[in-house]
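These notes are about the structure you will find just below.
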Amino acid sequence: RDRSVSRGLGDVYKRQLFICQLSTNDATRNSPLGEISESRDLDSFDVKTVCGAIEYIIAYAKETWHCRVMFYTNPQYDSDTYAKMVEALLKIQEKWQIGVIDFWNDERINSISPEKRKLYLQDPIHPMKAGYAEWLVPVMEQRIAEYLETQVS
């Protein structure tokens with residue numbers, strides 16, 4: 001793609017929302033959780049930690065694209081580490097006033113039948129096409145719309 005064209009698109013289109021998944025890979029790799037910073041300065045976050053990386057992503061998106069930021073979590077699977085990451089994300093949400101689609105703590109999402117779980121997930125973590133189309137995306141669309149209606153960038 002012609003770089004001058006792609007650079008010009010930023011001037012034409014205003015980004016409304018940046019969406020990021022809370023990484024299950026960080027939980028699987030046992031990445032250090034870290035601490036929530038007192039700062040909002042992009043250069044102050046320890047990006048080698050989960051909290052630092054989350055805050056860096058938020059600060060970068062806000063500074064670069066001047067848009068709202070939203071994270072979404074994975075539905076529950078057997079991981080105490082990911083549970084702690086979700087808890088930290090919810091505290092970061094309070095600091096930054098970001099949106100969070102919290103599938104981890106969503107009883108409706110997590111109480112599907114074993115048959116649906118087999119249809120929706122290829123393993124305990126990764127959704128398949130039906131999982132996105134029938135299970136997660138309808139909730140995401142609703143929550144994104146609600147967030148965009150109620151927040152200012």
Under 4.5 Å between any side-chain heavy atoms of Glu134 and Tyr120, yes or no? yes

Can you name the nearest heavy-atom pair linking Pro32 to Lys48, along with the distance? CG-O, 3.5 Å

Linking I/L/V/M/F/W/Y whenever any side-chain heavy atoms sit under 4.5 Å apart, do Phe103 and Val86 land together? no

Say you draw a straight line from OH of Tyr56 to OG1 of Thr49; how long is it, rounded to the nearest 0.5 Å? 13.5 Å

Of all heavy-atom pairs linking Trp96 and Ser39, the shortest is CZ2-O, 4.3 Å

Could you measure the distance from the CG atom of Leu90 to the CE atom of Met85? Nearest 0.5 Å is fine. 12.0 Å

When you check the gap from the basic side-chain N to the acidic O, do Asp102 and Arg143 get nearer than 4.0 Å? no

With distance as the sole test, does Tyr82 use its side chain to make a donor-acceptor pair with the main-chain N or O of Asn74 at under 3.5 Å? yes

Verify, without hydrogens or angle tests, whether Gln21 (side chain) and Tyr72 (backbone) share a donor-acceptor contact under 3.5 angstrom. no

State the CD-NZ distance between Gln97 and Lys62, to the nearest 0.5 angstrom. 8.5 Å

The test is side chain to side chain contact (heavy atoms under 4.5 Å, CB included); show your working for Ile54 and Leu22 and say whether it passes. CA-CA 8 Å; Ile54 292 168; Leu22 182 63; 3.6 Å; yes

With hydrophobic residues grouped by side-chain heavy-atom distances under 4.5 Å, do Ile98 and Ile144 end up in a single group? no

Is there a side-chain contact between Ser79 and Thr28 in this structure, where contact means two heavy atoms from C-beta onward sitting under 4.5 Å apart? no

If hydrophobic clusters are built from ILVMFWY residues whose side chains come within less than 4.5 Å, do Ile57 and Leu17 share one? no

Ring centroid separation for Trp104 and Tyr77, is it under 6.0 angstrom? yes

Let me check something: any side-chain donor-acceptor pairs from residues 122-129 under 3.5 Å, sequence neighbours excluded? List them with distances.
| unit_1 | atom_1 | unit_2 | atom_2 | d |
| --- | --- | --- | --- | --- |
| Asp123 | OD1 | Ile125 | N | 2.8 |
| Asp123 | OD1 | His126 | N | 2.7 |
| Asp123 | OD1 | His126 | ND1 | 3.0 |
| Asp123 | OD2 | His126 | ND1 | 2.9 |

Using only heavy-atom distances, determine whether the side chains of Gln142 and Glu146 contain a donor-acceptor pair under 3.5 Å. yes

Applying side chain to side chain contact (heavy atoms under 4.5 Å, CB included) to Met70 and Val100, what does each step give before you reach the verdict? CA-CA 5 Å; Met70 180 174 254; Val100 173; over 6 Å; no

Hydrophobic cluster identity match, Ile19 and Leu89, side-chain contacts under 4.5 Å: no

Mind checking whether Tyr60 and Trp65 have parallel, tilted or perpendicular rings, split at 30° and 60°? perpendicular

Write down the atom of Phe71, the atom of Val69, and the distance for their closest heavy-atom approach. CE1-CG1, 3.9 Å

With distance as the sole test, does Asp46 use its side chain to make a donor-acceptor pair with the main-chain N or O of Gly52 at under 3.5 Å? no

To the nearest 0.5 angstrom, please state how far the CG atom of Leu148 sits from the SG atom of Cys67. 10.0 Å

Let's go through Phe18 and Ile58 carefully: what are the C-alpha distance in whole Å and the side-chain angles of both, what is the deciding distance for side chain to side chain contact (heavy atoms under 4.5 Å, CB included) to 0.1 Å, and is it a yes or a no? CA-CA 9 Å; Phe18 177 87; Ile58 295 166; over 6 Å; no

What distance separates Gln76 CD from Asp78 CG, expressed to the nearest 0.5 Å? 10.0 Å

Interatomic spacing from OG1 in Thr81 to CG in Leu33 - rounded to 0.5 Å: 9.0 Å

Test item: Cys51 and Ile92 side chains (from C-beta on) under 4.5 Å apart, heavy atoms: yes

Is there a path of hydrophobic side-chain contacts, each under 4.5 Å between heavy atoms of I, L, V, M, F, W or Y residues, that connects Val139 with Tyr147? yes

Given 3.5 Å as the limit, does a donor-acceptor pair link the side chain of Trp135 with the main chain of Ala130, or not? no

Could you check whether Glu55 pairs with Lys95 (Lys NZ or Arg NE/NH1/NH2 to Asp/Glu carboxylate O, under 4.0 Å)? yes

Is the side chain of Thr64 donor-acceptor paired with the backbone N or O of Ala61 at a distance under 3.5 Å, no angle test? no

How close do Asp106 and Arg108 get, heavy atom to heavy atom, and via which atoms? OD1-N, 3.0 Å

